[in-house]
Amino acid sequence: DTNTDFDGTAKYDRYREMRERDSAIAGMFQILEQPYLSAHWSMEGDSDELTEWCSTVLFSPPDPQAMRWHRLLEHILRDRQYGCYLFERIAAKDEDGRVYFYLSPRPPDSIAYWYLDGIRIDHVTQEVTRDGHSYEQVDIPGEDLVHFVHGGEANDVEGMSLLRPLWFN
């Protein structure tokens with residue numbers, strides 16, 4: 001892209017600004033997201049005990065850091081706005097000692113570097129704020145990432161936002 005407004009992570013600021021300042025764009029995203037967010041979600045499985053446990057982890061997670069399904073889905077759907085969205089898989093244990101995983105969002109504007117091994121993400125470097133003022137870089141291995149991408153081709157890990165064609169040069 002030759003437009004410098006979309007260099008590096010600057011594009012995410014533009015996309016956020018477009019959604020926040022333009023009611024037509026905000027409305028477009030509400031129309032696109034509403035069927036997913038208003039749907040009744042449930043889980044089925046072969047074992048009632050396992051199904052109940054998985055439903056609890058997804059819909060009412062025991063770990064306060066874990067997102068409930070509706071909030072997680074809101075983040076997943078942001079791949080339409082930004083072109084991609086990442087989550088880190090975090091391991092935790094419930095009160096019975098069973099290990100489960102939850103997804104913690106890693107917004108694309110916080111990713112400083114993408115490292116690819118062919119078309120696979122080897123790892124990313126995320127810039128995180130520790131005390132509200134200083135940034136620290138943290139590497140996240142690819143095997144711990146869940147990556148949602150909209151549009152894009154082959155090894156284009158950042159995808160294509162629905163908003164990119166709407167930006168006036």
Run the side-chain contact (heavy atoms from CB on, under 4.5 Å) test on L116 and I121 for me, step by step, so that the C-alpha distance in whole Å, both residues' side-chain angles and the decisive distance to 0.1 Å come before the verdict. CA-CA 5 Å; L116 302 180; I121 299 173; 3.9 Å; yes
Please determine whether the number of non-hydrogen atoms from other residues, nucleotides or ligands lying under 6.0 Å from atom [atom1] of [X] exceeds 12.
X    : atom1 : value
E143 : CD    : yes
D48  : CG    : no
F101 : CZ    : yes
Q34  : CD    : yes
E44  : CD    : no
E52  : CD    : no

Which heavy atom in [X] sits nearest to a heavy atom in [Y], and how many Å separate them?
X    : Y    : result
P61  : M67  : CG-O, 3.7 Å
A92  : Y102 : CB-CE2, 4.1 Å
I111 : T9   : O-CG2, 3.8 Å
Y115 : V124 : CD1-CA, 4.4 Å
R164 : M160 : CB-SD, 3.4 Å
F87  : L72  : CE2-CD1, 3.5 Å

What I'd like to find out is whether the side chain of [X] reaches to under 4.5 Å of the side chain of [Y], using heavy atoms alone.
X    : Y    : value
R89  : L145 : no
L166 : I25  : yes
Q137 : Y113 : yes
F29  : L162 : yes
C84  : H147 : yes

Nearest 0.5 angstrom please: [X] [atom1] to [Y] [atom2], how far?
X    : Y   : atom1 : atom2 : result
L58  : L73 : CG    : CG    : 10.0 Å
S55  : M43 : OG    : CE    : 4.5 Å
S161 : R80 : OG    : CZ    : 11.0 Å

Mind running side-chain contact (heavy atoms from CB on, under 4.5 Å) on M28 and L163 for me, showing each step along the way? CA-CA 10 Å; M28 174 191 75; L163 297 176; 4.1 Å; yes
May I have the step-by-step check of side-chain contact (heavy atoms from CB on, under 4.5 Å) for L77 and L37, ending in yes or no? CA-CA 9 Å; L77 292 170; L37 297 175; 4.1 Å; yes
Does F148 share a hydrophobic cluster with Y36, counting links as ILVMFWY side-chain heavy atoms below 4.5 Å and allowing steps through other members? yes
Is there a path of hydrophobic side-chain contacts, each under 4.5 Å between heavy atoms of I, L, V, M, F, W or Y residues, that connects V146 with I76?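 Same cluster.
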Between the side chain of [X] and the main-chain N/O of [Y], is any donor-acceptor distance below 3.5 Å?
X    : Y    : result
D94  : R98  : yes
R68  : F59  : yes
H150 : Y82  : no
T51  : G45  : yes
W114 : D156 : no
D117 : R120 : no
T125 : V138 : no
S60  : T56  : no

Applying salt bridge (charged side-chain N to carboxylate O under 4.0 Å, His left out) to R16 and D109, what does each step give before you reach the verdict? CA-CA 10 Å; R16 189 178 304 107; D109 59 345; 2.4 Å; yes
Q126 vs S110, side chain to side chain donor-acceptor pair (under 3.5 Å): CA-CA, chis, key distance, verdict: CA-CA 6 Å; Q126 182 186 26; S110 71; 3.0 Å; yes
Just say parallel, tilted or perpendicular for the rings of Y12 and Y15, cut-offs at 30° and 60°.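 Judged by the thresholds at 30° and 60°, the geometry between Y12 and Y15 is perpendicular.
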Assess whether side-chain contact (heavy atoms from CB on, under 4.5 Å) is satisfied between R106 and I140, documenting all intermediate values. CA-CA 10 Å; R106 302 296 179 248; I140 305 170; 3.9 Å; yes
Between E158 and K11, is there a side-chain N and carboxylate O pair less than 4.0 Å apart? yes
Assess whether salt bridge (charged side-chain N to carboxylate O under 4.0 Å, His left out) is satisfied between R19 and E33, documenting all intermediate values. CA-CA 13 Å; R19 186 169 182 167; E33 295 167 356; 3.1 Å; yes
